[in-house]
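See structure below.
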Amino acid sequence: MPELPEVETTRRGIDAVATGHTLTGMVVHESRMRWPIPKALPDLIKGQTVRACLRRGKYILIEFDTGTVLIHLGMSGSLRSVMQGELLRKHDHVEWLFKHATLRLHDPRRFGSVLWHPREQGPIEQHPLLAKLGIEPFDPAFNAKYLHDGLAGRSMSIKQALLAGDIVVGAGNIYASESLFRARIHPKTKASRVSLARCTRLALAIRETLTDALESGGSTLRDYVNATGEPGAYFTLHAAVYEREGQPCRVCATPIKRIVQGQRATYFCPSCQKV
DNA sequence: CTTTAACCCTGGAGGC
DNA sequence: TGCCTCCAGGGTTAAA
């Protein structure tokens, strides 16, 4: 479920609930995630005040005085504040308790992770999982030249280069397809052969696609984060191509195609998008 | 160095 | 109803 817009919406939700407040406890119901949740973590952060809730790529960073909790939602994770007395659901793996609120991590597939980075190990940006991430799409430095330079010398397809996340983060499997449609670039185009002019369109398309999703996701996810018990509110995504195989392109009515690249589905319009 | 494929895990949908 | 196969928004890791 979580692409960058949903992660950012989640971050805003927990920021409003947690920042400036003291953690009264952390309960781990299931520690077997992508990596085991450190056993010592609850004792390390209990009683500390949350200084900030940040985001890097699809990682949520909860900062304390002695270090940072890194949270990734994987494919099926969600993190929300629950009502007082709300029953624990299956796959609710972790709870962070505050005097006035409880945050719960729910993740059926357990591809997500909860890790600890002690302050003495250096700045969080140098954490191995964050160090090689590409630029944030809303960083002013992310422009056509940056993208073009990043793609230079890479033989893989543009779709896979976007998905790799080491040039620019944020365009996951849905929005990589959607952004390429918006930029009218064929997903199989060799990354190194995307011209500077097309990089201008693509950088813009990525930002616009994510902005649109964030705006619609922000409204639907507001009650997701503050859920009153109703689980699983989704994005009201108005996809141009994603999961629209065989349906008419919204621009030219040509049937949308589905292909597989790197074991992931890609959708595109064979008429609008050129190699 | 870059690129590819296997893998981690559960659940929903659809065919029979 | 059950059992099977396929598919899913993520990313790390080992192998080529």
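Proteins get letters first, then strands, A, B, ... in listed order; numbering begins at 1 in each. A quick note: this is a predicted structure, and the numbers were derived from the prediction, not measured.
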With a 4.5 Å cut-off on side-chain heavy atoms, are A:Cys269 and A:Cys252 touching? yes

Give a yes/no on whether any side-chain N or O of A:Arg154 is located under 4.0 angstrom from OP1 or OP2 of B:dT4. no

Work out which heavy atom in A:Leu4 is nearest to a heavy atom in A:Gly170; give both atom names and the distance. CD1-CA, 3.5 Å

Does A:His91 make a side-chain N or O approach to OP1 or OP2 of B:dG11 shorter than 4.0 Å? yes

Length of the NZ-C1' vector between A:Lys159 and C:dG10, whole Å: 12 Å

Listed nucleotide nearest any side-chain atom of A:Arg34, set C:dG9, C:dG10, B:dT2: C:dG10

Looking at A:Glu178 and A:Arg182, is any side-chain nitrogen of the basic one under 4.0 Å from a carboxylate oxygen of the acidic one? no

Stacking here means centres under 5.5 Å and planes under 30°; does A:Phe111 stack on B:dC8? yes

Closest to side chain of A:Tyr59, choosing from C:dT12, B:dG11, C:dG10: C:dT12

Rounded distance in Å - NZ (A:Lys132) to P (B:dT3): 15 Å

Strictly below 4.0 Å, N to O, side chains only: are A:Asp65 and A:Arg51 in salt-bridge contact? yes

Is it the case that more than 12 heavy atoms not belonging to A:Glu120 sit under 6.0 Å from its CD atom? yes

Could you state the atom-to-atom distance from CG of A:Asn173 to C1' of C:dG9 in whole Å? 7 Å

Let me know the distance between CD of A:Gln263 and P of B:dA6, rounded to the nearest Å. 6 Å

If the cut-off is 4.0 Å, is A:Ser76 near the phosphate of B:dT10, judged by side-chain N/O to OP1 or OP2? no

Quick check for you: among B:dA5, B:dT4, C:dG10, whose closest atom lies nearest to any side-chain atom of A:Gln160? B:dT4

Rounded to the nearest 0.5 Å, the OG1 atom of A:Thr49 sits from the CD atom of A:Glu63 at a distance of 13.5 Å

Separation of atom CG in A:Leu163 from atom C1' in C:dT12, rounded to whole Å: 14 Å

Given C:dG9, is OP1 or OP2 found less than 4.0 Å from the side-chain N or O atoms of A:Tyr242? yes

If we take the P atom in both C:dC6 and B:dA6, what is their distance in whole Å? 15 Å

Measuring to OP1 and OP2 of C:dG11, would you say a side-chain N or O of A:His72 lies under 4.0 angstrom away? yes

Does a nitrogen or oxygen in the side chain of A:Arg264 sit under 4.0 Å from OP1 or OP2 of C:dG10? yes

Base paired to B:dC9 (Watson-Crick or G-U; both N/O distances under 3.5 angstrom): none

Whole-Å distance, A:His93 NE2 to B:dC9 P, equals 12 Å

For A:Met33 and C:dG10, what is the distance between atoms CE and P respectively, to the nearest whole Å? 16 Å

Categorize A:Ser113 for me: base, sugar-phosphate, or nothing, with a 4.0 angstrom heavy-atom threshold over every strand shown. nothing

Before accepting this row, confirm whether a basic side-chain N of the pair A:Glu243/A:Arg258 lies closer than 4.0 Å to the acidic partner's carboxylate O. no

When the C1' atoms of C:dG11 and B:dG12 are considered, how many whole Å apart are they? 23 Å

Quick check for you: among C:dT12, C:dG9, B:dT4, whose closest atom lies nearest to any side-chain atom of A:Met156? B:dT4

Need one value for A:Leu129: base, sugar-phosphate or nothing, where a base atom within 4.0 Å counts as base even if backbone is also close, heavy atoms only. sugar-phosphate

G-U wobble or Watson-Crick pairing nucleotide for C:dG9 (cut-off 3.5 Å, both distances): none

Any donor-acceptor pair under 3.5 Å joining the side chain of A:Arg109 to the base of C:dA8? yes

With the side chain defined as heavy atoms from C-beta on, A:Ala265 is closest, among C:dG10, B:dA6, C:dA8, to C:dA8

Selected nucleotide, minimal atom distance to A:Arg110 side chain, candidates C:dG10, B:dT3, B:dC9: B:dC9

Round to the nearest Å and state the distance from A:Met75 atom CE to B:dC7 atom P. 16 Å

